[in-house]
Amino acid sequence: MPELPEVETIARGLARRVTGDVMESVWLGSKPEPLKSPAREIVATLESKRIADVRRVGKHIVFDLEPTGQTGERPAKPLKSRGSKSRLSQSRKPTSSKARGAKAASIGSKTTSEHSQWIVHLGMTGSVVVSTPDAEVEKHTHAIVKLASGKELRFVDPRRFGRLSVAHQFQAAGSEPLEVELDRFVELFKGRKTPIKSALLNQGLLSGVGNIYADESLHIARIHPLRTANTLSDDEIAKLYAGIRQALSDGIRYEGASINWYRKPDGTRGESQDHLRVYRERGNLDKPCPVCGSPITKIWVGQRGTHFCPSCQTR
DNA sequence: ACTATTTCCTGGATGC
DNA sequence: TGCATCCAGGAAATAG
């Protein structure tokens, strides 16, 4: 459930709470661990590092870490939102086939302590909570990081779809929906025969759009979710581009959709769910289309519940 | 190179 | 009331 607006809200909240703090020790749960990097690598990367920043990349939370100790060199603050467009052209590595995006590219680089990053993907039900040490460790806690301030960062995830990893220059596989330019956006979908709804969920194209905001974007753009991407006109794609930007920035403004699991870092609910146009919780289709008043229809597209207005979004 | 399908996972909702 | 079943879906893995 956590999609771009939810992860953005979480990352901002975490940044406010733990930036500057130092990770002193790391505990990782046993059993089937939700780890993408080896446990020892995660522990080694996190321990004794200062949290320089916490930010969102796609649906990932990125903790930018810097070494502690030597006062001599203080690594430059990691690239915040520096024009990713300018990097796009040159960032196509020669080893493009294995540019799976989320992989921890730890090859070479002996200066591993520089620019290291802790990457958290929340999956469906994951959360990162800031606790005091005496707070009860809730069920499904898979990692605890003790901070120098005395606080603890805890990764909790009942359904265990979340993943922890470390990286150095983490890059999402796809483009940032709020940063990509229109012509690039058009290119992403050109020629694809898959339903546009499925294409929107493909993180290799756009990183950050999930089921809720895909439905919302398509409704704003008045595009039927089953239209295949290659049948969309330039005008329709431009409307979709704008729709995505609107749906996501509204989501951020309302601090995420607390449909079921998601809570803001302070434990309260986001408000985005009160402003959704077509997405409905558990197929509750009582609330009609806010534009024309027609009943919302729910169908399945690529195993995903998909909501749309059959009157506004025709094929 | 794509596209479609399956699988993982558990709490809460629903059904009998 | 209780127990079984269904449903939610991000993304890796598998199949076509």
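Here is how names work: the chains are called A, B, and so on, in the same order as the sequence lines, proteins then strands, and each is numbered from 1.
- Nucleic acid contact class of A/Gly162 (heavy atoms, under 4.0 Å, all strands): none.
- For A/Lys36, the side-chain atoms get nearest to C/dA12 when compared with the rest of C/dG10, B/dA4, C/dA12.
- For A/Lys193, the side-chain atoms get nearest to B/dT3 when compared with the rest of C/dG10, B/dG11, B/dT3.
- Backbone-only contact: A/Lys298 has heavy atoms under 4.0 Å from sugar-phosphate atoms and none from a base.
- Considering only side-chain atoms of A/Gln203, the nucleotide from C/dA11, C/dC7, B/dT10 that sits closest is C/dA11.
- Note on A/Tyr213: nothing from the nucleic acid sits closer than 4.0 angstrom, heavy atoms only.
- Proximity of the aromatic rings of A/His115 and A/His168 is defined here by a centroid distance below 6.0 angstrom, and this criterion is not met.
- Aromatic ring centres of A/His219 and A/Phe308: separated by at least 6.0 Å.
- Contact of A/Arg159 with C/dA8 (side chain to base): a donor-acceptor pair of N or O atoms is detected under 3.5 Å.
- For A/Thr194, counting side-chain heavy atoms from C-beta on, the closest listed nucleotide (B/dT3, C/dG10, B/dT10) is B/dT3.
- Using a 30° and 60° split on the angle between ring planes, A/Tyr254 and A/His275 fall in the parallel class, below 30°.
- Between A/Asp157 atom CG and C/dG10 atom C1' there is a gap of 11 Å when expressed in whole angstrom units.
- DNA chain B is contacted by both A/Arg282 and A/Asn202; A/Asn202 maps to the nucleotide lying nearer its 5′ end (nearest heavy atom per residue).
- Along DNA chain B, the nucleotide nearest A/Gln303 and the nucleotide nearest A/Gly191 are compared for position; the residue whose nucleotide lies closer to the 5' end is A/Gly191.
- Taking the charged nitrogens against the carboxylate oxygens, A/Asp64 and A/Arg55 do have a contact shorter than 4.0 Å, which makes a salt bridge.
- If you measure from atom CD1 of A/Ile259 to atom C1' of C/dA8, you get 11 Å, rounded to the nearest angstrom.
- In this structure, CD of A/Glu138 is placed 13 Å from C1' of B/dG11, rounded to the nearest angstrom.
- Look at NE2 on A/His307: it is 12 Å from C1' on C/dC7, rounded to the nearest Å.
- Counting heavy atoms of neighbouring residues, nucleotides and ligands inside a 6.0 Å radius, atom NZ of A/Lys193 does not exceed 12 of them.
- Minimum atom distance to the side chain of A/Arg192 is reached by B/dC2, of the listed C/dG10, B/dC2, B/dG11.
- In this entry the distance linking CE of A/Met124 with P of B/dT7 reads 18 Å, nearest Å.
- Linking Ile, Leu, Val, Met, Phe, Trp and Tyr whenever their side-chain heavy atoms come within less than 4.5 Å puts A/Ile212 and A/Leu200 in one cluster.
- An OP1 or OP2 oxygen of B/dC9 is reached within less than 4.0 angstrom by no side-chain nitrogen or oxygen of A/His140.
- Per the geometry, CZ belonging to A/Arg56 stands 15 Å off P belonging to C/dG10, to the nearest Å.
- Following rounding to the nearest Å, A/Arg160 (CZ) and C/dA12 (C1') show an atom-to-atom distance of 16 Å.
- When the C1' atom of B/dT14 is taken as reference, atom CD of A/Glu281 falls 14 Å away, rounded to whole Å.
- In the set C/dA11, B/dG11, B/dT3, B/dG11 carries the atom at the smallest distance from any side-chain atom of A/Pro158.
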